[in-house]
Each structure stands twice: as C-alpha cells, then as structure tokens.
Amino acid sequence: MMRNVLVIGSGISGMSCALRLAGQGLFVTLVSPFPSERSQSVMAAGGINAVLEDNDEGDTVQSHVEDTLKGGAYLAGEEEVRGLCEHGGEILKYLESIGTVFSLDNDRKLSKRAFGGQSHKRTYYCGASTGKQIVSSLVMEVRHFEAEGRIIRRLWNCFHSALIKDGVCYGALLYDETSGGLEACYADAVVMATGGQNALFGKTTGSTQCDGYTQGMLFTQGVKLKNLEFIQYHPTTMETGQKKMLISEAARGEGGRLFYVEDGRRVYFMEDKYGEKGNLMTRDLVSREIWMTKKQVMLDVSFLGEELIRRRIPEIMELCAKYGGIDITAEPIPVTPSVHFFMGGFAVGIDHETNIRNLFAVGECASIYHGANRLGGNSLLAAMHGGFTAADEICGRMGGGGHPDLDGYIKDQKEILEKKGKTESRFPVAYIRDLLAETMQKDLGIVRDEKSLDNGIADVDYYLETAEKIQYDNSVMPYFNYSLIGILTLARAVLTCAKSRRESRGAHYRADYPKTNEELAHATLISYDDGAYNTRLEV
Amino acid sequence: MKVKILRQVTPVSEPYWECFNYEGPMDITVAGLLDHINYNDDIVNDKGESTTRIGWECSCLQGVCGSCAMVINDRPALACETFLGDCKKDEVTIRPLRKFPVIHDLIIDRSSIHENLKKTSVYIGELMQGEDRDHEHQYTAAKCLKCGLCLEVCPNYKNGSTFYGAAFANDCYLVYARNKNKAEDIRRVYGERFGRGCSKSLSCMDVCPMKIPTIASISKLNRG
Ligand SMILES: Cc1cc2nc3c(=O)[nH]c(=O)nc-3n(C[C@H](O)[C@H](O)[C@H](O)COP(=O)(O)OP(=O)(O)OC[C@H]3O[C@@H](n4cnc5c(N)ncnc54)[C@H](O)[C@@H]3O)c2cc1C
Ligand code: FES
C-alpha cells in the first residue's frame, strides 16, 4: 500500500485530500509557502452546492448534474459530473461534522440560496464567508492529524518541479525559503492543489498566491493541460489600485440595475436588450455586454433604500465604502468585468490522476467538472470532492517500490538555481509579469479574435525569450524568479488553446467565430512536445 | 510623504531603518504604497541610493486573509485596509510585528500561533454539541485570521511564553462549544494558557480586523 503522499497547496482541496489520506492511515506532507488561512479559498463568499435530503421541492441530484453539464456547455464528462453531484450530500455532512458554521434558517436547518444558472436553490452558505468558515474547520481537523503525526505541514516551501521518470512521478523538488535551497522530497504519490492562474492577468478577484506556475512547469515536464481557453469573467467588480474586488451577484439579485450614461441620460442597456430580467443574465453574457458598451458601466442599488441594503447586502455596502469611498445607498458603483475563475488546468481522469502515473491534481488547478463554464458554488464542492476522490484512489494503490536514480536531475536543478541566484541583476521580474498581465488582459479578453491572439502569442514568445536570458533579481524571493518561465509558458499555452478553438462556447467568445460549432463539442487538450505547443480535441 | 520602513535582510541580521519618498495619491492603502515603491524599474531610497525591494506578504488584498499584518504608525493593522489618507501625518512608519521572528523585512513567522494550538490539542475531534449553540458567536470566532495583530498589541503575550493570547482563546471557545465531551479538558488548557495570564486590557478587540468579541469567548469559557 502507498504510505507517503506529498500534497502541494493547502487551500480547501489540499486540506480535504490530506485529511482523507491521513484518515485512512497514510502519512501526508502538506506543502505551502503560507498557512491555509492565507489561501484563496478563504475568499469564497457565496456558498457550496449540494442536493440534500431537505432539498428544494423538485430538486434532484440529476438536476444538479444537468445544470452543471449545461452550464459547462456540455464539455465536461457526465460520469465525472455525476460523481461530483452525488457526493454533495456526504460532503456537506462531513463539513458540518467537523464544525463548519453554516447559516441556519428559522427551523435550524441549513439555509440555502439560489445561484445563477441553477434550476433550484441548492447553494448552502455560511453568512458571507463560506470559504473562510470551511477553511477554519478544515484547519482544525488537520491540526488533529498533525498532533498525531499523520500530517506534517511544510510552510515556507514552494513547489519547484516534479521528480518524473518514464511517465511515473516519484516526488517533487521543493524550494525551502528558510534554508534557501532546493530539497528533493520522495513520495509514493504527489497531489497538486495549487489553485488558479491569477498572476497571468495581474489584477483579478482572487489571491496573489495563485500564479499558475505549477501548471506551466509541469506542462514542460510532460503533463497535459486541458480547456485553458475557458476563463470565467465576473461581470461586476470594483477596481482599486491593486485588484478587482468582487461585487457579489446578490447586488443584482436584490434588484440592482446596470447602466451607463450617454448624452446626460442613463441607458439601462441590459434591460433594454433582454427585458426585465436583463441584469440577471449569466456571468459571461453580462460581462460581454458590459465590454461591448466600451463605457464606464455603473451598478445602482441606491433606490432599494438604506434599510434593505443594510439588511440584505451589508458586506457590499461595507466593501464599497472602505475601498471605493462609495455610499451605495446614495450613489452607483462603477463596475468592470474581471477574470475570476479558471475552468482549465491539469487534465485529469475521473480518479484525478494526470497522464503521469502517481501525479494527481485537485481543486481549481485541475480541469474536470466545469467544462466551458462553472456554476457558482460548484468549485468549493469540486475542491472537496476532488481531494477526497484522489485520496481514495491513492489509498487503494500499491506503493513503496522505491525510486529510480534521479540524482542527476536534482543536482542540475540545484546548480542552475545557485548560479542564477549569484548575480547582481536588477532586471525586475515584476516588470515582465506586469507586461504579461497587460498582454493577457488586452489580447485574451472577454472577446477574442485570431489577430489579438496572434499578437498575444508573439508578445509572450518575446517575454519568454527575454526571461530565458536574464539572471535572477536577487532582491526578491528566489521563487518569484524561478517561477517566471513557468508562468509565461502557461500563458503561451492558454493563448494557444484560445486560438485553436474556432467557435464561441461558454466563457470563450471569438468575435471572428461567434457561433457554437457542434463538431467542436469536445475538450481541448494541450501538450508540450520538444518546445512545441500541440493542441487536440479530446474525442 | 516620507515612508520609513524597518528592514532586515535575514532572520539573523540586524534590523535597520530605511526611508523612501512617496509622491502619489493618498487614497491608496499601505499595501498599495509598498507595491508602488517596489514596482519601479529601479528602487531608490530617499538619499537617491539604489536599494533592494521590500519584502512583505499578501494574498487577498481585501482584508480577509491576514497576510499583511504589520505595525503602521505604531498601530498594528492590516496594510491592505489601512489608507494613507487616514494616517494623519506626513510620515508613515512601517515595521514588522515584533512579537514574531522576522524572516525578511516585513515578513514574519507566525507559526507559533498554530503550534500553540496544536500542542494543546485544540481541535474539535467529534462534533457533540451541547444545548447552547451560540451560533452567531461561533461564526464570528471562526473568522479569526490568525494574523497575529491581537498578540502584537497584547501586554501579556510574548513569543515563546506560556500565555497564548486571544487567538488561542477564541479557538478554545470553538472546541468548547462544539464538543461537549471535550469541554472540560479545553477549559483546563484555556485556564492554564490564557485565563490565568489575561489582565483584560482587551486591546486585542480594538485591533481585531474581524471584530471578534473575544470577551464573549472569555466569559463563556470562564462561566463553564
Ligand atoms: C472572490 C472569490 C469568491 C469566490 N466565491 C466562491 C463561491 O462562493 N463558491 C465557490 O464554489 N467558489 C468560489 N470561488 C472559487 C473558489 O474559492 C476556489 O475555486 C477554491 O477555493 C479553490 O480552492 P483550491 O484548494 O483549489 O485552491 P486555493 O485555495 O487557491 O489554494 C491554493 C494553495 O496552493 C498554494 N500554492 C500555490 N502555488 C504554490 C507553489 N508553487 N508551491 C506550493 N504551494 C503553492 C497556495 O499557497 C495555497 O495554499 C471564489 C473565488 C474568489 C476569488
Ligand atoms: S492581503 Fe489579505 S489581509 Fe491583507
């Protein structure tokens, strides 16, 4: 049986996997630069989907499956999605059993709300901080296993690369901030749980810790990626100097209206085009419509009155006052769409294994359940379910067969890092990352076409060429330096996938191919073959 | 505006002050200011000397992850929700939390918070709720960011001491409320590691970014 597992990333998916492994007697090393409280998972606000026994009238697991498949424009596998949805009830029960503080209704039953794209109310939540409450309870449970010595946390450690030979993974090289060097960690299995790809786009709604490096790096080590062109934009965010803060759908759910000003009068463009419910259309449609106005769009809730605003959307009121100096009871909020969620990532099978044996991926870094677009509330469910599923698969496997000689690879990587780090170069990595974000926002925006994608590819190729040549900026953390090429490589792969999909589907909208083409109703797979980025449809 | 930062290259090197000039909008946060200073092609201090980029930690940039806790104009606060305009001085002083070992510049090692909870077995185990569920307070207590601001401001907390501070007390309360079989054990460690040492200055509540009423956890645990 397998004994030692390395889990990289300690957000909800990493912790759920670690817990399930430790609960079955395995030893887990849980790696992340910072504690779980700092992961993006704590930012999830809205809720987690499941069909429980006290379901909304008429709701069934089958309708959750159908909503998810439909939301994903039929690119996700039905069997995988069914596994996810069937697991919802057990996952919610588990979370309750470890002390997650869910919101309760008057009968002290778990409260649920409606989320976009779903036929029934099935999103369970914890006030306005669902992710944080789940993280808090998982952290406590992980602590339980830490105390028993079954889970060891390695903080201040970042993934460098995997130890792979002949299609099998034997562990990973980690960069340890405290010792300032690379360390080889052998394991029977490695689980990637490193989250999304925010750094490709600079300002997003999410965490700066999600940079996509692991996907880019492993891609060059032979791991296949999937559906990278599908990036969910959230239509309403408030832009500040450093980020785009999510203004929850609840604002529109309560009646908020989108408009822009033309010739001194308000144009309620969504209502004009789609009727009364126009403001509540799907995330990608609203994002696209906002983009197409080419104007500063505003979201007005002031007419709802202070009393209702304070009662129903206090967190939006607080956020806008704090970061935008806006009193939403009196004035509208300037909003802009923002990159929010990545449907693409590591290509994994139903057991969450990648094409490399014993290398698994879970949570937002894996691409499996959301197809071309994700339903709100499904990603927290997927983070939990993926973690459990990978763990169960690992527990049933034979292991302990030792590892081949990888000393040559390890020595080379140590030497490269040492040599590159010994320079006085000041060429800022942040500068290239800023350029990349600018390119991606411009050329891989809400609406794409062949020309913009070609421009993006040419730019990223140039950044890659530059990055290969430059030495490290020794005034920032080495991880920031060595991760640059991986991040750029992933960006190049994302652009390539977007170029290869000549249709519009889900979150991917091509101005030059605005229609959906049924012949292309398959996921995109991309692989790195001797420096070439090769895509194909998964048929 | 002058920006004065207490810096330190490695965990064992000497700390030193370095000043920077900032001429930009005042409606940005201290986190924005640090990015502004760092993301110039060349970073120079107020003497015009080129220097190294300032190390600091961030993740959410909207006050929900606790990464960016530091001391700003003598007040422990989150950099991403402290606005320059509110600093009310033409100088801003920034230094790392001093109750934790410095890793580099403003980056500190707060693992003692977790370690203290771990070695005293502060985890729920099996959920066995008592009658009084205090749902709302449990929700608020579980929002603790483990940012360390409450420990920085606490007159009784020192790194490595046997008094573990407010973050500890709130997690104790969560276990106490959620597993009645463990309630007595938890009250005992709570007493040893918190109850006995707390002088109730309650400065922890003033600086808590989640506004956790630690006093409520204290009174529930004291009452038993
Ligand atoms: C504002 C916001 C609101 C959201 N609301 C909802 C919601 O209501 N419902 C819902 O279902 N989903 C929501 N989501 C999405 C959801 O939060 C994420 O999909 C989910 O939390 C991802 O969890 P994860 O464990 O995969 O990754 P994360 O929580 O992102 O964790 C990644 C971990 O990997 C570590 N890591 C990263 N790179 C490395 C590296 N190189 N080496 C080592 N470790 C590394 C990080 O430090 C971190 O510990 C929201 C997202 C945002 C941004
Ligand atoms: S960066 Fe998360 S609290 Fe400041």
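So you know, we letter chains A, B, ... as the sequences are listed, proteins then strands, and number each from 1.
- Interface check for chain B: of the options Ser39(A), Gly99(A), Gly241(A), the most heavy-atom pairs under 4.5 Å are formed by Gly99(A).
- Contact record, Arg38(A) with Ser67(B): CD-OG, 3.1 Å, taken as the closest heavy-atom pair.
- For a residue to count as touching a neighbouring chain, one of its non-hydrogen atoms must lie under 4.5 Å from one of that chain's; by this rule Ile54(B) does not touch chain A.
- Nearest heavy atoms, Trp156(A) versus Glu57(B): CH2-OE1, 4.3 Å.
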Using the side-chain contact (heavy atoms from CB on, under 4.5 Å) rule, take Glu37(A) and Cys65(B) through it: C-alpha gap first, then chi angles, then the decisive distance, then the call. CA-CA 6 Å; Glu37(A) 286 86 354; Cys65(B) 80; over 6 Å; no
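- Formation of a donor-acceptor pair under 3.5 Å by the Gln242(A) side chain with backbone atoms of Ala31(B) is found in this model.
- Side-chain contact check for Cys80(B) versus Tyr323(A): some heavy-atom pair is nearer than 4.5 Å.
- With respect to chain A, the highest number of heavy-atom pairs below 4.5 Å among Ile28(B), Ile103(B), Val175(B), Asn179(B) belongs to Ile103(B).
- For the pair Thr208(A) and Cys58(B), the tightest heavy-atom approach, listed with the atom from each and the gap, is OG1-O, 3.2 Å.
- In this structure, the portions of Val122(B) lying under 4.5 Å from any heavy atom of chain A include both its backbone and its side chain.
- Remark: the Glu146(A) side chain and the His114(B) side chain contain an N/O donor-acceptor pair separated by less than 3.5 Å.
- Using a 4.5 Å cut-off between heavy atoms, Asp109(B) touches chain A through backbone and side chain atoms alike.
- For Asp434(A), the part sitting under 4.5 Å from any heavy atom of chain B is the side chain, from C-beta outward, and nothing else.
- Only the side chain of Lys243(A) comes within contact range of chain B, with at least one heavy atom under 4.5 Å from a heavy atom of that chain.
- Judged purely by atom type and a 3.5 angstrom limit, Ser136(A) uses its side chain to pair as donor or acceptor with the backbone of Ala142(B).
- Only the side chain of Thr29(B) comes within contact range of chain A, with at least one heavy atom under 4.5 Å from a heavy atom of that chain.
- With a 4.5 angstrom heavy-atom cutoff, Asn38(B) does not touch chain A via any of its atoms.
- Between Met245(A) and Leu61(B) there is no side-chain heavy-atom pair separated by less than 4.5 Å.
- Taking both residues in full, the closest heavy atoms of Leu145(B) and Lys132(A) are given as CA-NZ, 4.0 Å, listed atom of the first, atom of the second, then distance.
- Interface remark: Leu319(A) contributes side-chain atoms only to the contact with chain B (heavy atom separation under 4.5 Å).
- In terms of heavy atoms, Met140(A) sits closest to Leu174(B) at CE-CB, 3.9 Å.
- In this structure, Arg143(A) contributes its side chain and Tyr123(B) its backbone to no donor-acceptor pair below 3.5 Å.
- With contacts defined as side-chain heavy-atom distances shorter than 4.5 Å, the pair His135(B)/Arg108(A) qualifies.
- More than 12 heavy atoms of other residues, nucleotides or ligands shown are found within 6.0 angstrom of CD1 on Ile215(B).
- The parts of Ile124(B) that come within reach of chain A are both its backbone and its side chain, each placing non-hydrogen atoms under 4.5 angstrom from that chain.
- Nearest heavy-atom pair, Tyr139(B) versus Gly127(A), reported as atom, atom and distance to 0.1 Å: OH-CA, 3.4 Å.
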